[in-house]
Amino acid sequence: MPYLSIRRKLPSFRIVKTMEENKELYNFNEIEKKWQNFWETNKTFAAKDYDKSKPKYYVLDMFPYPSAQGLHVGHPEGYTASDIVARYKRMKGFNVLHPIGWDAFGLPAEQYAVKTGTHPAITTQQNIENMRRQIKALGFSYDWDRQVDTTDPKYYKWTQWIFLKFFNSYFDQTEQKARPISELIKKLDAGKLCVGTDGQAVAANLVPAVMGEPVGTRKWYELNKEEKEEFIDEHRLAYEDEVPVNWCPELGTVLANEEVIGGISERGGYPVIRKPMRQWMLRITKYADRLQDDLKFVDWPPSIKKLQTDWIGKSIGAEVDFKVDGFDETITVFTTRPDTLFGATYMVLSPEHPIVDEIATGGQIKAVEEYKKAAQSKSDLDRTDLAKEKTGVFTGAYAINPVNETKIPIWISDYVLISYGTGAIMSVPAHDDRDFEFAKKFNLPIIPVVEPEDKTLAQKVEKGEYCFIGDGIAINSGKFTGLSTADFKEQITNWLEEKDLGSKAVNYKLRDWLFSRQRYWGEPFPLLHCEDGSTIAVDEKDLPLVLPQVDSFKPTGDGQPPLAKSVNWLNVKLPDGRNAKRETNTMPQWAGSCWYYLRYLDAQNDKAGWAKENEKYWMPVDLYIGGAEHAVLHLLYSRFWHKMLYDLGYVSTPEPFTKLINQGMILGEDGQKMSKSRGNVVNPDKVITDYGADSMRLYEMFMGPLEAVKPWNTQGVEGVYRFLNKVWRMVIDEPNNIADIDADEETGRLLHQTIKKVTQDIDNFRFNTAISQMMIFINHINRLETKPKKAIEAFVLILSPFAPHIAEELWQRLGNKNTLAHENWPKFDENLAKEKEIELAVQVLGKIKDKIIVSIDADEEEIKQKALASEKVISAIAGKEIKKIIVIKSRLVNIVIG
RNA sequence: GCCGAAGUGGCGGAACUGGCAGACGCGCAGGAUUCAAAAUCCUGUCCUCGCAAGAGGGUGUGGGUUCAAUUCCCACCUUCGGCACCA
């Protein structure tokens, strides 16, 4: 039994061995806490306002809504990317502003309050605390002193202040920008402007004796007090209007068009109906052109620009007047295809068009009434649902086509929207899909007026079998026949203007922004409704107007907001003794997020929302990272607010966000969207507990391109965790193997290649390939007997933006006293990064036959000789004639034979 | 229906401006270490045929341009995202 005795000895030997090695494990938990505390106590990442010694860099994250569920693995993705850039830029010598805050108003906290009676402020604070803990656990380099919370009165004081800027401004058409309303009044008082027939301000004729005033205009002094007030109110950028709104009974509030998806509320998924209500609106439509045009100044993904462009939906065309046969009435239609006027065979009005009742005749009156009623009771959902089949009724009346005096029937149908254009269209079934469908269903005539280039297509169009919506050559169009679509459009528009039958016109899909909500948990409007019906602003010095305590957070169900029940708060005695009531609506959640990036510039300022010097120093935001779900809503609204503030001189740049990147969604391990119901939600807390924040950060960046949608895979986290362990062991387990020696040639080259690739990859937001390069470097260096210290230090520095905790720890263990957060980013030497010898593929007719090794500066002739000397190549050529040899230096050789 | 993005091994993905497809990681297989396991290390891993050397095929499908195509062009299919009668 000699074996036994040997075995008995083994354990004691192993214990000795383990003690000798004294391995220190990678204790991420301890290290991460240590450095997070260090950064916090030392305020390592505090941004210095107007530090002129360094260039500034403002890197912004879309701030989160503090939900009860806490952080989601999707959040850290964008936050890690921006943090890498922030840390990298600091090491590159920039003064970096990298802030975070809380978009804390919103429905979930309020819904919870309605259910449980807990004040939303309490839940909100709890959620913020929890999420702040989670975010801090990831080691992001935020300047925590600049944290903002949109529900803090110290913050929303300024949201209200900005609202008053909207309320006290108008849009000057000539200058195309916002001006204080006081300037408008001044001009009216001075007689430079007068009141036009449409209620708009028009330039007064300075020489009335010669020209006479335009018909219907009135002088300012001719208006009484009420008329003046009404006129002013109609010019404010924030105004009240009775509008059909998206009323969601379940949520007890109205929603913006953008918040309703297919007749269902975006939040909660409840049905939404149309209902006319008194609402506060913001005149975003005045900015439509600038919001569109200024997109050319920003470096955003083209797809996001396109979404905004589509949302704004600018279309250029003409308004054309059609006389109604037998009535002293004209119906104006908007069309983008005035060149198809000769093909207009009928006209369609929206059921809500004001002229419908007047012109409906005889036997058709009843049908029209019934149709109108049906359309009214249809919800948006029904309207879209039934959209597959067109409906409509004939009014009994006829219009006269102004270009050829033809009588065409007037119909009504709900496929024509009252809210767009003039609420009436001319129908050209031969060249518009919707009109074609309608004409087929109701057997209306189809006259082709545009001939497509394609001959077979042209024949089909001729027979009325095919609807052609493209450009072509005009046919059946009187004296315009033969013109191209573009020429026709121009000539007919001029012709219409000459004959006073129409004019060039521009329309937008964009509607004014419905800005009020019948909810409790939002910013109160700083407005007072006086007994005489006028509305006045709360004085700026009395801001913030703080939300009152209420007994119940329930909406009343008839549209009366919860604030209406807070009697003490509601009723106000004005200094002049009059009684007034406060506005009881609150602002939508977007309000706070429209300008938070400005508050970060000067978060503690209680004299102003931000100091002008701070704004001039930090703005614009250099890099903005967030989800693509905000492509139109938040980004369009912020741009709008920013432009208004720009017009009034409060900010110095026309656009707030220079560069925008959207991180892609992270799916569950099953490749599906993460959701509680699917049970595939990954909790960041658990990942941090199991593998550490550095692994979490590294994994999220390693998964794939930042912008891509990609599934989570916990085993993938394990992979990057192993990588960090290798890095750890390189420095900690084998400290004796690190020495102050020069790197060998290959190691040096790989180091410089790695620095180069990581640097360029961060610059291009390609974090996944940067990480794989660092893995290649570590795999190499771990094979070395003795490791050059300088190379290891450089590596730790380039690793630090990705995995900052372990990097700080290793940096310290390597004998450095200070944090590496402000160390210089390692530089690479292009020459040292270059390979000396390279392997070239040798192809014969595009197929690889052999590989040759040549020096980097071998000339073409040398490469050719070497390639032709290869035995495999010789046998592949097999005596055939060589037609051509293509040499791509540093790539390959291709021999063409024939 | 329209618009946009994308389709590459078992999986996530890589490939500069048309120039060796599959880097890096996961998984899997085999081996070393271990009494055993974990951890770690080494080797292999696109597919087919072959013991092997090697041969052929291969980036959603079908065509085209080119000495050379994941990359450019045309048509189609699929998936994801957005819009949804905006005249």
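Order of the sequence lines fixes the chain letters, A, B, ..., with proteins taken first and strands second; residue numbering starts at 1 for each chain. Please read these numbers as outputs of a predicted model, since none were measured by experiment.
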- Message: Categorize A:L307 for me: base, sugar-phosphate, or nothing, with a 4.0 angstrom heavy-atom threshold over every strand shown.
- Response: sugar-phosphate
- Contact class for A:K757 (heavy atom, under 4.0 Å): base, sugar-phosphate, or nothing? nothing
- Message: Aromatic contact between A:F468 and A:Y466, with the criterion being ring centroids under 6.0 Å apart: yes or no?
- Response: no
- Look at the side-chain N and O atoms of A:N779 and state whether any lies under 4.0 Å from the OP1 or OP2 oxygen of B:G25. yes
- Message: Rounded to whole Å, please give me the gap between CD in A:E77 and P in B:G12.
- Response: 16 Å
- Message: Does this structure show an ion pair linking A:K504 with A:E319, if we count only N-O contacts that are shorter than 4.0 Å?
- Response: no
- Task: State whether A:K847 places a side-chain N or O below 4.0 Å from either non-bridging phosphate oxygen (OP1 or OP2) of B:G57.
- Result: yes
- Should A:R729 be listed as having a side-chain N or O under 4.0 Å from OP1 or OP2 of B:C41? yes
- hbond_proxy A:K883 side chain to B:C67 base (donor-acceptor, 3.5 Å cutoff): no
- Just to confirm, is there a sub-4.0 Å distance from OP1 or OP2 of B:A87 to any side-chain nitrogen or oxygen of A:Y420? yes
- Message: If only side-chain N and O atoms count, and only distance matters, is there a donor-acceptor pair under 3.5 Å linking A:E835 with A:Q753?
- Response: yes
- Message: Could you identify the nucleotide paired to B:C85, looking across every strand shown and requiring Watson-Crick or G-U wobble geometry with both distances under 3.5 Å?
- Response: none
- Item | Base-pairing assignment for B:A55 (Watson-Crick or G-U wobble, both under 3.5 Å) | B:U48
- Task: Please report, rounded to the nearest Å, how far the P atom of B:C83 is from the OH atom of A:Y508.
- Result: 22 Å
- Message: On the nucleotide B:A87, are OP1 or OP2 found under 4.0 Å from the side-chain N or O atoms that A:N507 carries?
- Response: no
- Base-pairing assignment for B:G30 (Watson-Crick or G-U wobble, both under 3.5 Å): B:C42
- Query: Contact class for A:K306 vs. all strands (heavy atom < 4.0 Å): base, sugar-phosphate, or nothing?
  - Reply: sugar-phosphate
- Message: Give me the distance, rounded to whole Å, that separates B:G54 from B:G4 when you measure between the P atoms they each carry.
- Response: 49 Å
- Query: Counting side-chain heavy atoms from C-beta on, which of B:C24, B:G13, B:A15 comes nearest to A:M775?
  - Reply: B:C24
- Pair assignment for B:G22, Watson-Crick or G-U wobble, requiring both distances under 3.5 Å: none
- Query: Nearest-Å distance, OH (A:Y699) to C1' (B:G12)?
  - Reply: 7 Å
- Note on the structure: From OH of A:Y721 across to C1' of B:C26 the rounded distance in Å is 17 Å
- Check: A:W411 ring centre within less than 6.0 Å of A:F438 ring centre: yes
- Nearest whole angstrom, please: distance from the P of B:G1 to the NZ of A:K390. 15 Å
- side-chain contact (heavy atoms from CB on, under 4.5 Å) assessment of A:L840 paired with A:V854: CA-CA 7 Å; A:L840 297 186; A:V854 297; 3.9 Å; yes
- Query: Using a cut-off of 4.0 Å on non-hydrogen atoms, how would the nucleic acid contact of A:D435 be classed: base, sugar-phosphate, or nothing?
  - Reply: nothing
- Of the non-hydrogen atoms in A:V844 and A:A876, which two are nearest, and what is the gap between them? CG2-CB, 4.0 Å
- Message: With a 4.0 Å cutoff (strictly under), does any side-chain N or O of A:S315 reach OP1 or OP2 of B:A87?
- Response: yes
- Item | Whole-Å gap separating P (B:C67) and CG (A:L892) | 15 Å
- Message: What contact category does A:I776 fall into here, base, sugar-phosphate, or nothing, at under 4.0 angstrom with non-hydrogen atoms?
- Response: sugar-phosphate
- Would you please confirm or rule out a distance under 4.0 Å between OP1 or OP2 of B:G27 and any side-chain N or O of A:R722? yes
- Task: Could you tell me which nucleotide pairs with B:U70 by Watson-Crick or G-U wobble geometry, both distances under 3.5 Å, or answer none if nothing does?
- Result: none
- Given atom CD1 of A:I778 and atom P of B:C24, what is their separation to the nearest angstrom? 15 Å
